[in-house]
Every structure is written in structure tokens, then in C-alpha cells.
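Remember, it's 1-based here, ligands and their atoms both numbered in the order they're listed.
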Amino acid sequence: MLMTHTSEPILQGQRALVTGASSGIGATVAKMLAAAGAKVVVNYAGGADRAQAVVDHIQAAGGEALAIRANVHREDEVEAMFAQMFEAWDSIDILVNNAGLQKDAPLVEMSLADWQHVLDVNLTGQFLCSRAAAREFFHRGVVPELSRAAGKIICMSSVHDVIPWAGHANYAASKGGVSLLMKTMAQELAPHRIRVNAISPGAIKTPINSAAWMTPEAEAELLKLIPYRRIGDPEDIGRAVVWLASDASDYVTGATLYVDGGMTLYPGFEQGG
Ligand code: BGC
């Protein structure tokens with residue numbers, strides 16, 4: 001058991017699927033869920049070698065993992081991925097809707113293709129995977145030895161589900177959509193003992209935003225937007241995911257947890273106003 005991230009296997013025996021888990025936040029989330037005792041499907045769309053590296057890391061630490069390729073916005077691929085997971089491990093207990101991307105452009109230059117692709121992956125992908133997981137949670141119900149809930153869905157959102165972001169209309173719209181998709185699913189699924197929550201990361205050091213922290217100048221600018229004056233690490237998000245996936249948060253549903261060093265606290269108003 002990997003002891004560096006969490007000391008207790010609080011997810012022992014549970015089966016998790018993390019979308020977009022070959023890099024960035026998703027890769028760390030997959031490793032930390034495994035360190036907490038879960039078996040983990042490492043979903044990826046491209047870069048089989050990177051997904052395999054995550055699987056190898058989990059297995060080397062004594063965990064169980066399986067890499068499965070699927071584009072989360074393609075219905076047939078999502079259905080095939082869940083079928084493959086159920087064939088291997090019978091069911092699912094935890095879904096982390098993490099896959100997401102940016103295709104930035106000023107509004108007047110944004111192509112319909114780039115608008116559509118970001119909405120497809122970031123929002124439709126969360127719908128398709130949540131639907132597939134919820135169907136299984138319904139069908140199976142609560143397994144008391146594993147968890148008090150019949151299933152847990154964790155949606156990766158962003159601080160840009162509340163902070164408008166010039167030059168990123170597609171991304172901000174997708175995350176705003178994730179926010180209400182999550183709450184609506186939470187309301188609808190709660191009577192079935194399915195918990196649905198979101199995590200909204202701020203600036204976390206990953207490849208998606210490397211331009212924002214690569215140079216000292218960029219980093220200094222970015223830190224002005226973070227009252228806590230630290231750029232986040234993927235582990236900051238992983239710890240929140242493990243908590244939301246565990247019975248420690250059993251009475252939490254429909255919540256968005258901002259893990260952002262205070263980015264949503266209007267840092268421009270630290271002085272003045
Ligand atoms: C984006 C990052 C950005 C962060 C804070 C995230 O959702 O993907 O590129 O650094 O929000 O603005």
C-alpha cells in the first residue's frame with residue numbers, strides 16, 4: 001500500500017473509474033484513490049503509454065488498475081468502457097468525471113469546432129459517464145460492506161464555473177454547465193443513495209496551464225490572483241477527491257468544493273473597493 005498520500009485504505013474494495021487519468025490532475029487522482037484502497041480504471045483518450053505508466057505506478061505500490069481507452073463524448077466508446085470495467089470487476093462504486101480540455105481563443109475568433117469540442121468533452125462527457133454509472137448504481141443498490149452510498153460521482157469543475165474568463169468562452173460555458181448538471185443529478189439521484197458532488201480547482205500546476213506558471217514573470221502574475229500565494233498541486237485535488245469518495249463525506253451531496261487557495265475570493269479587492 002502506498003503510504004505517501006493517505007495512511008488509511010478508506011476505499012478498500014471499491015472500484016473507481018477516473019476519466020482523463022493519463023496526465024495532470026486525473027493521473028494523481030487515480031494514484032491517490034488506489035493508495036486509499038480502490039481499484040482504478042485509468043481512462044484515457046490518447047497516449048496509451050502515459051496511461052500505462054499510471055497503471056504501472058499503482059501496481060508497483062501494490063494496487064490494482066486497468067487502462068481503458070475511450071473518448072468520453074462518444075456514447076458507444078463510453079458504453080464499451082463501462083462494459084469492460086464490469087467484466088473485470090463486476091461493478092463501479094466511484095466515478096470521477098475528470099476529462100477536460102481547453103481550446104482558447106477570443107470570442108470573435110473562436111471556431112464552432114473548438115466551441116463544440118470543448119463542450120463535448122467537458123460537459124457531454126460528464127453526462128454520458130454519469131448516466132452509465134448511475135444506471136449501474138440503480139441496478140445494484142447499496143452494498144453496506146463497501147459504502148453507505150450506492151455510488152459516488154465526483155465532477156471536476158473549475159473556479160471558472162463562477163469566475164468569467166475572457167478568451168475562454170467555451171471552457172467557462174462548459175464548467176458553468178458542469179455546475180448545474182452536478183446539482184441536478186445530485187437532486188435527482190439522492191433518493192437512490194447516490195451522492196454527486198463537484199470539485200472546482202483553481203490554478204493547479206499541470207500541463208493544461210503551464211504557460212501561466214512556467215516563467216517567473218508568469219508565476220508572479222498568477223500569484224496575484226491567489227490570496228493563499230501558492231499554486232496548487234494535483235495532490236491538493238486528490239485529497240479532496242478521496243474525501244468526497246469516502247463515507248467520511250456521506251452526508252455531502254450537491255456540493256461544490258472550491259480547492260483554489262482563495263482564487264474565488266475576489267483577490268482584486270484585497271485593497272480598495
Ligand atoms: C484552468 C487553468 C487555470 C485555472 C485558474 C482551470 O480550470 O484549466 O488553465 O489556470 O482554471 O484560472
Can you check whether Met156's main-chain N or O pairs, donor with acceptor, with Asn97's side chain at less than 3.5 Å?
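Not confirmed, Asn97 side chain does not pair with Met156 backbone.
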Looking at His168 and Ala166, would you say the former's side chain and the latter's main chain have a donor-acceptor pair under 3.5 Å?
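Checking the backbone N and O of Ala166 against the side chain of His168, a donor-acceptor pair under 3.5 Å is found.
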Using the test side chain to side chain contact (heavy atoms under 4.5 Å, CB included), find all partners of Ala255 that sit at least two apart in sequence or belong to another chain.
Asn197, Val252
Please list, chain by chain and in numerical order, all residues satisfying side chain to side chain contact (heavy atoms under 4.5 Å, CB included) with Thr264, sequence neighbours excluded.
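With sequence neighbours excluded, Thr264 shows a side chain to side chain contact (heavy atoms under 4.5 Å, CB included) to Val159, Val162, Ile163, Tyr258, Asp260, given in chain and number order.
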Salt bridge (Lys or Arg N to Asp or Glu O under 4.0 Å) partners of residues 181-207, not counting sequence neighbours, each pair once:
Arg195-Asp250
Does atom CD of Glu270 have more than 12 heavy-atom neighbours from other groups under 6.0 Å away?
yes
Write out each pair where an N or O from ligand 1 and one from the protein are under 3.5 Å apart, with the distance.
residue	atom	partner	partner atom	Å
ligand 1	7 (O)	Ser158	OG	2.7
ligand 1	7 (O)	Tyr171	OH	2.6
ligand 1	8 (O)	Gln102	OE1	2.6
ligand 1	8 (O)	Tyr171	OH	3.0
ligand 1	9 (O)	Gln102	OE1	2.6
ligand 1	10 (O)	Asn209	ND2	3.2
ligand 1	12 (O)	His160	NE2	2.7

